[in-house]
Amino acid sequence: MPPPLDNKLLDITRRYWGFDTLRPLQAEAIQATLDRRDSLVVMPTGGGKSLCYQVPPLITGDLCVVVSPLIALMKDQVDALRVAGYPAAALHSNLSAAESAKARDLVNSPGGRLLLVAPERLLSEGGSLLTWLKKIGVGSFAIDEAHCISQWGHDFRPEYRRLAELREHFPGVALHAYTATATPRVREDIVKQLHLHDPAVLVGRFDRPNLTYRILPRLDMVDQVADALGRHKDRAAIVYCITRKDTEFVATTLRTRGIDARAYHAGLDAAARNKVSDDFRTERLSVVVATVAFGMGIDRGDVRCVVHASMPKSVEHYQQETGRAGRDGLPSECLLLYSGADFMKWKQILEFGIQENQTTEEVFQAQLELLNHVQRLCSSTRCRHKALSEYFGQQYEPPPLPAGAAQNGAAGATTGPRGCRACDVCLSELDTVPDSMDIARKIISCVARAKESFGAAHIADVLRGSTQKKILDWKHDQLSTFGLLKDKSREAVLSYINQLLDAGVLDRAPGEFPVLRLNAASAQVLRNQLPVTLVRPKRIDEGASGSGGAGIGYDQAAATPLTPEEARLFESLRGLRRQVAESLGVPPFVVFGDATLEELARVRPGSRDTLINVRGIGTAKLAEFGDRFLAHIREYCAANNLALDAVRGSRPRSAKRASSEARPLTASRLAAAKLFAAGVSIEDAALKLDRARSTVTQYLVEYIMRERPKSIAPWVDEATYKRVRDAASTAVDRRFRTVFEKLAGEVTYDQIRLVVNHLKSKGEQMGYPDSAGVAAPPGVMEGR
Ligand code: ADP
Ligand code: ZN
């Protein structure tokens, strides 16, 4: 249960963001700011950190200064806030003199407002910005991406170190640190480095239930990447590679397969890079193949798929990069393809850093440790959600099963009776290799015959019968194990070797040449005394996991996909969003997020009254975009024969919004309820309330579900009631349309809607089967 919001707070989140509830810890984080108590807020990417520092100024009327490392992100955040009617500005070197003056004016004006600034800017300029801010008065400081202050973190930025100076310049002002990635060590370091005083430490859950994780050995990189992208056709996706060369290769190959992908890396000139990131932000481009440099400045919430074509260099990086998927809370997929070679590649890169004196030995060792962790994550075959949560020091609780859902047997082995239902392991996408024991013994004996003096790559080549020079030079073509696995791919053999290492039945010598060694367990395997099970990826069956992301929606919204009709409306709404965004010169997600468009497609609001109830639509956006979206929906529904103001059942969020407990009644709903209680007709109520008939009918449906009146005779005469009831109980499915047609169009949709809902409110069983896969009638309201 989200904590109850006090009225002022609720009023603000509704008005500016269109949110009725807060995410976990947001209320606590906001409270810490209101109490002027230092705080450290740790939430996963997409958890909603920004709201925590954006809300308080609107309550206190103060200025909040947000320190943020990336100028690119500032502009998007400022745009998004302005569109929502929030006074915000950023100061950075890319502003013209006029823009800069305008920003300063806004900061200098009274009332709650936000200033975004990079740390070096805040603390430099000969201290002039600080002096100016002292004069104006700062209510609070928000330090975004606070892990940048720690050298134990994965994104150390020396300029963050100076932020502690704020303590001396603004002695009475609280500092609030926000980060997505913090192991306990980094967390302590942030508190220490920023000199936080008795901070409220709020650590959220790291698990991202809406992400489906897949971690697979890399067999054929481009095939595997294309497969994953195919599960998210025409949707935003990011593919990460380690090297520039790989990004170019993957992007080019994908294009030959008809996927419009563009490469992005630091080797491109600034214009080319800007074009790619701009096209991506504005939805002219869906797929970017990039080195990790990409994404830092990208705030697109509707990224449906993040692929790591190679292993990332730390679990922290992985968490952050995959965190760019599904920020809007909708189901999304994260695929990681790894190979043993990735570890060596990263190690070389890190060693290069130390040779070039870019890192200290201490930092190098820390990085190496992070690299070891991510390799372990890759080669393990435990539930990915569980492994990630535990890495960040949290117990993992799988999400509850929806009522009536079948248990997933395969998941039982790893995460108790349920499993996460959102990773390759729990979705049983890994096949056990039938001749596991045989393969394991061949690998182990090959290591023995090669005198425990060679690395995994060489052993794999011997087993595959390669006649490369180095093999012939060592006369390894004469070993009895030569060519024993020639029917397997090199990547598969390497993956098996890694799995044996992971299972502890083979060792890798530490040091510069990581040669494979045997241990006591290896001997047991050779003697058939210790069983070993190897796995390999199954081809992912598309039906198995919907669009590949069977994750659970962030805000507990059921992951029920849109019906085909709704999906078509959704696509058409995306088109409208693009147009609106283009005309405003902002990226589309600034207008509305995908979660909002999905809800629009489901609910299909017919009036401003129902539109404002949609999550993500606050007062400013209602005023600015409301009419265009309403007109579009109305037109679309008329052309496609779809009902307006439908709230499909079995969808917790929508249902919650319709129920009296979760949504305080608006004044007009209350007034309507009074009239209905007195038996006033729809026409008269519409006149009295000065509302459209469709709105009043909607109010009446809600009233019926809420109050469950004994009879609805004032609105539907007895004969009609009986006719609808009989037709509904014998109709083949639950569609309104079916009932309507059964009655040969002699009874209006509205009357059918009232009767069916009344029957439901009385808990009356319908005669028709509640068969799966058949959509509930549009317009049917399920109150609880
Ligand atoms: P973070 O900074 O933690 O990565 P953001 O602040 O960018 O996350 O928020 C991620 C997404 O969640 C945004 O699309 C935001 O609008 C949405 N969001 C934040 N708070 C809420 C809320 N209380 N209810 C619904 N959506 C929310
Ligand atoms: Zn799992």
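Everything numeric in this text was worked out from a predicted model, so none of it was measured. For ligands, and for the atoms within them, numbers begin at 1 and follow the listed sequence. What you see below is based on every heavy atom in this structure, not just the backbone, and it leaves out hydrogens, waters and symmetry mates.
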Exercise. Given SG of Cys383 on one side and SG of Cys420 on the other, what angle do they make at the Zn ion (ligand 2), to 10°?
Worked result: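 That angle is 110°.
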
For this session: For the atoms SG of Cys423 and SG of Cys426, give the angle they form at the Zn ion (ligand 2), rounded to 10 degrees.
Result: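 Centred on the Zn ion (ligand 2), the SG/SG angle is 100° (to 10°).
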
Under 4.0 Å from a heavy atom of [X]: give me the atoms of ligand 1 that qualify, with their elements.
| X | value |
| --- | --- |
| Thr21 | 22 (C), 23 (N), 24 (N) |
| Arg327 | 1 (P), 2 (O), 4 (O), 5 (P), 7 (O), 8 (O), 10 (C), 11 (C), 12 (O) |
| Ser50 | 2 (O), 5 (P), 6 (O), 7 (O) |
| Pro44 | 3 (O) |
| Leu22 | 23 (N) |

For this session: Please check if any side-chain donor atom of Glu316 sits under 3.5 Å from a side-chain acceptor atom of Tyr391, or the reverse.
Result: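 Tyr391 and Glu316 do have a side-chain donor-acceptor pair below 3.5 Å.
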
Exercise. Is the His176-Tyr53 ring centre distance short of 6.0 angstrom?
Worked result: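 Here the rings of Tyr53 and His176 have centres that are no less than 6.0 Å from each other.
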
For this session: Give the C-alpha distance, both sets of side-chain angles, the deciding distance and a yes or no for salt bridge (Lys or Arg N to Asp or Glu O under 4.0 Å) between Asp594 and Arg300.
Result: CA-CA 10 Å; Asp594 273 16; Arg300 200 170 157 177; over 6 Å; no

Exercise. Is there at least one pair of N or O atoms, one from Gln26 and one from ligand 1, spaced under 3.5 Å apart?
Worked result: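 Between Gln26 and ligand 1, an N or O pair is found under 3.5 Å apart.
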
Problem set entry | Nitrogen or oxygen of Met43 less than 3.5 angstrom from that of ligand 1 |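 Min N/O separation from ligand 1 is not below 3.5 Å for Met43.
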
For this session: Classify the angle between the aromatic ring planes of Tyr318 and Tyr213 as parallel (below 30°), tilted (30 to 60°) or perpendicular (above 60°).
Result: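 Answer is tilted, since the angle falls between 30° and 60°.
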
Problem set entry | Candidate pair Glu397 and Arg205, rule salt bridge (Lys or Arg N to Asp or Glu O under 4.0 Å), full reasoning | CA-CA 10 Å; Glu397 265 303 311; Arg205 299 220 62 84; over 6 Å; no

For this session: Kindly identify the option in Ala27, Ala84, Gly48, Gly18 whose heavy atom sits closest to atom 9 (O) of ligand 1.
Result: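 Minimum heavy-atom distance to atom 9 (O) of ligand 1 goes to Gly48.
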
Exercise. Heavy atom of Gly593 under 4.0 Å from ligand 1?
Worked result: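 Gly593 does not count as a contact of ligand 1 under the 4.0 Å cut-off.
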
For this session: Supply the atom-to-atom distance Thr596 OG1 to Phe589 CZ, rounded to the nearest 0.5 angstrom.
Result: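 Reported to 0.5 Å precision, the distance equals 13.5 Å.
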
Exercise. What closest approach, in Å, do Ala142 and Tyr178 show between heavy atoms, and which atom pair accounts for it?
Worked result: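 Smallest interatomic distance, heavy atoms only, reads CB-CE1, 3.7 Å.
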
Exercise. Which heavy atom of Leu175 sits nearest a heavy atom of Asp38, and at what distance?
Worked result: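 In this case the closest contact between Leu175 and Asp38 is N-OD1, 2.9 Å.
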
